[in-house]
Amino acid sequence: MTKDYNKVSVLIVGAGPAGLASAIQLKVLKPEIDVCVIDKAPGLGNHNLSGAVLEVQALNRLLDSAVPDWQDSEAARDVLARKVHEDNVMFFLGKKLAFNIFFIIKLAKIFRLSVGQMIHKGDYIVSISKLTKWLGRLAKELGAEVLTGFAAEDIILAPLDRSNVGHKASDSEKYLTGLDESTDKATGVKLVDQGLDKEGDKQPNFVEGEIINADFILLAEGCDGLLTEKFIEKAKLQRQSPQLYSVGVKEIIKVSSEQYKKFGDTRVVHAMGYPLWTPVIGPGMFGGGIMYPAGDEHIAVGMIVGADWKYCDFNPQDALTNFKNHRFVKKFIEGGEVVETGAKMIPEGGYYAVPRDAETGSIGKGSVMILGDSAGFVNMLKIKGLHSAIDSGIQAAKAIAENLNNPEAAASRYTELIGQSNVAGEMASAKNFRQTVAKFGPLQGMPLSVLASLLPKFKTEYDYEAMTIAPYRLKPNQEYDKDTFTAMAATEHREEQPSHLTILDSDICRTRCTPQFGSPCITFCPAGVYETVHDEVKPANPSNCLHCKTCQRKCPFDNIRWTVPEGGGGPRYKQM
Ligand code: SF4
Ligand code: SF4
C-alpha cells in the first residue's frame with residue numbers, strides 16, 4: 001500500500017466485538033463496499049480481556065442476519081458452551097464470612113429497581129479472546145479485510161487547527177495531515193512508524209507508518225483508545241462528566257476436577273465487600289471480585305477496582321490476592337496453577353461520560369463514529385458492556401449503509417439509531433450510578449444508587465485526583481509476583497523501539513510525587529514497568545506493558561502518557 005492510493009470505504013480501528021460486529025453487519029448490508037479492520041494486537045483476540053458474561057441477544061441478531069445455521073457451527077458451540085444457571089452475588093465480611101445476597105437482587109428486580117439488572121441467569125460465560133477470534137473469522141469470510149499487527153497512532157482531521165500553526169497550511173502540510181479545509185472531516189489514520197531505535201533514530205529496516213484514508217472511520221479501540229481520545233480532543237467532543245475507570249486484573253487457574261465440579265460449570269460469582277470495603281473499617285473502594293468457570297477444569301478469578309481509589313500504596317493485584325485468600329474463594333482454587341493472566345481498564349462513567357459533539361449531540365462527528373467501550377457503553381450495574389459493544393457496531397453499520405453517498409451525515413444517524421436501540425436504554429437505566437458511588441463512597445453510595453437516575457448529576461473528579469497519602473490497610477503479607485503475572489500474559493514488544501510510555505516531567509516525580517505518595521506507578525502498574533533508576537522514576541521495562549493504560553489515568557499528577565508501540569506488541573491473551 002502506498003500513501004496516495006491507500007484508501008478504503010470504511011476503516012474500523014479495533015478488532016474487538018464492536019468493530020467486528022460492524023464489519024460483519026456492513027458486509028451483510030452492503031457486500032460491495034470495502035471494509036478494513038485494523039488492530040494493534042499480534043493476533044485476533046490477543047488484546048481482548050473481559051469478565052466475561054454475555055447477553056446474547058445482540059450477537060444472535062447479528063449472526064442471524066449474516067450466517068445461516070451459525071448456531072450449529074463448532075465455533076458457536078465452543079464460544080457459547082456455558083449458559084449461566086447459578087447466579088451468586090456474595091457479600092464478603094472479613095476474610096472468612098460470605099453471605100449470598102442474591103435474594104436482594106431478586107427483590108430489587110420484582111420492585112423494578114435498577115439494581116435488579118444484576119441477574120445473569122440465561123446469559124453466557126464466554127472468553128472474549130475466543131469470541132473475537134470467531135467474529136474476526138466470520139468477518140473475513142464475508143469479505144472484510146481484518147489486519148492484525150497494525151497499530152494506528154493518529155487520526156487525521158480537518159480543518160487544521162490554526163492556533164497551533166499560525167499560518168495558512170502549505171500543500172505539503174495538507175498532504176501530511178490529510179487536510180481538507182473545505183469539508184471539516186476526518187480523512188484517515190496514520191499508522192505507527194516501524195524500525196526506529198530506542199532513541200527514535202531510523203534503522204535500516206525503517207518503514208514509515210502509512211496513512212490509510214477512508215470515507216468512514218469507526219473508532220472501536222476499547223477502553224481509553226488512543227485515537228478515540230485524540231479525536232475527542234481534535235473534534236472538540238465533550239463529556240458531561242469525566243470518564244471514570246476501573247482496573248480489572250484476572251487470572252485463569254487450572255484447578256482439580258473435584259474443585260471444578262464443586263464450583264460448577266454454569267455458575268457465576270460476583271462478590272462485594274472485603275477486601276475493597278467493609279461496613280466498619282473501610283477501606284472504601286468501589287468494585288469487587290468475580291469467579292467464572294472457564295471450561296476444562298479452569299476457573300477465572302478476577303478483581304475489579306474503581307480507579308478512584310485513594311491509597312497511594314494500593315495495587316489491584318493486592319486486592320486480588322486478598323480475594324483469592326478469602327475462605328469462600330480459596331476452597332475452589334487452592335493448589336491450582338495460574339495459566340493465564342491479564343489486566344485491563346473498564347470505562348465506568350456511563351451515560352454522562354459518553355463523548356458527544358457539543359452542537360449536535362452526535363457520538364462522533366461527520367463520518368467518524370465512536371463504538372463500544374471507546375464510547376463508554378458499559379452498564380456498571382450489570383458489569384457488562386459486550387452486548388452494547390456488539391449492538392453499537394450493528395448500529396454504526398446501518399448508519400453507514402444508509403449514508404454511503406453522504407458520509408458527513410453518518411455520525412448523527414448513528415446517534416439516532418443508538419437512541420432507538422437497547423444501548424440507550426442500558427445507559428439510561430444505569431445513569432448516574434457510578435457518579436453516585438463516587439460521590440458518597442460505596443457504603444452510602446451503593447444503597448443510594450437505587451435512586452441514582454432520579455438524583456441530580458453529581459460532580460466527579462478525575463480518577464487521578466483521588467490519590468491521598470493514606471495507606472491500604474489490608475495489604476497482604478505476600479508480595480504479588482508481577483514477573484509471573486507478566487509472563488503468564490505472554491506480553492512481548494520489540495525491545496529496540498522508542499518507549500511508548502512517557503513521563504512528562506520527571507521533576508514532578510522527584511520533587512512532589514515520590515516524597516508525597518511514594519511513586520504509586522511503581523506499585524500499581526500490574527506489569528512492573530516503572531522502577532526507580534539512579535534516583536529517577538522511569539518506565540524502565542516498557543516491553544512488559546500489558547496495554548491496560550492504568551498509569552495514564554492513575555498517576556496522581558497526570559504525568560504519564562501512553563501511546564501505541566509498534567504493531568504486534570503487547571499481551572497475547574488466548575482465553576481471557
Ligand atoms: Fe508519581 Fe506519576 Fe511520576 Fe510515577 S510518573 S512517580 S506516579 S508523578
Ligand atoms: Fe498498564 Fe501502564 Fe503498566 Fe502498561 S505501563 S501495564 S499501561 S499500568
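In listed order, ligands and their atoms are each counted from 1.
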Donor-acceptor under 3.5 Å (N559 side chain, D505 main chain) = yes
If you scan protein heavy atoms around atom 6 (S) of ligand 2, the nearest is L546 N, 3.3 Å
Electrostatic pair K254-E297, nearest N-O below 4.0 angstrom = yes
Ligand 2 contact by F524, heavy-atom criterion under 4.0 angstrom | no
Neighbouring protein N, O or S atoms of atom 2 (Fe) of ligand 1, below 2.8 Å = 1
Is a side-chain donor or acceptor of Q243 paired with a backbone partner of G349 at a separation under 3.5 angstrom?
-> yes
Would a distance-only check, ignoring hydrogens and angles, find a side-chain to backbone donor-acceptor pair under 3.5 Å from N325 to N322?
-> no
Using 30° and 60° as the class limits, which term best fits the ring planes of F440 and F458: parallel, tilted or perpendicular?
-> perpendicular
What do we get for L501 next to ligand 2 when only non-hydrogen atoms under 4.0 Å count, side chain, backbone, both or neither?
-> side chain
Considering only the protein, which heavy-atom contact is closest to atom 4 (Fe) of ligand 2, and what is its distance?
-> C545 SG, 2.3 Å
Side-chain donor or acceptor of D357 paired with backbone N/O of I363 under 3.5 Å = no
Below 4.0 angstrom from a heavy atom of K549, which ligand 2 atoms are there? Numbered from 1 as shown, please.
-> 1 (Fe), 7 (S)
Residue Y530 vicinity, atoms of ligand 2 by number, heavy atom under 4.0 Å | 5 (S)
For W562, atoms of ligand 2 separated by under 4.0 Å from a heavy atom = 7 (S)
Is it possible for you to check whether R553 lies under 6.0 Å from the centre of the six-membered ring of Y462, through NZ or CZ, and within 45° of that ring's axis?
-> no
Can you check whether Q194's main-chain N or O pairs, donor with acceptor, with Q497's side chain at less than 3.5 Å?
-> no
Interatomic spacing from NZ in K234 to CD in E229 - rounded to 0.5 Å | 13.0 Å
the protein heavy atom lying closest to atom 1 (Fe) of ligand 2 turns out to be C548 SG, 2.3 Å
Where do E221 and T228 land on the side chain to side chain donor-acceptor pair (under 3.5 Å) test, with the steps shown first?
-> CA-CA 7 Å; E221 302 168 281; T228 306; 2.4 Å; yes
Identify, for atom 3 (Fe) of ligand 2, the protein heavy atom at the shortest distance, and state residue, atom and that distance.
-> C525 SG, 2.3 Å
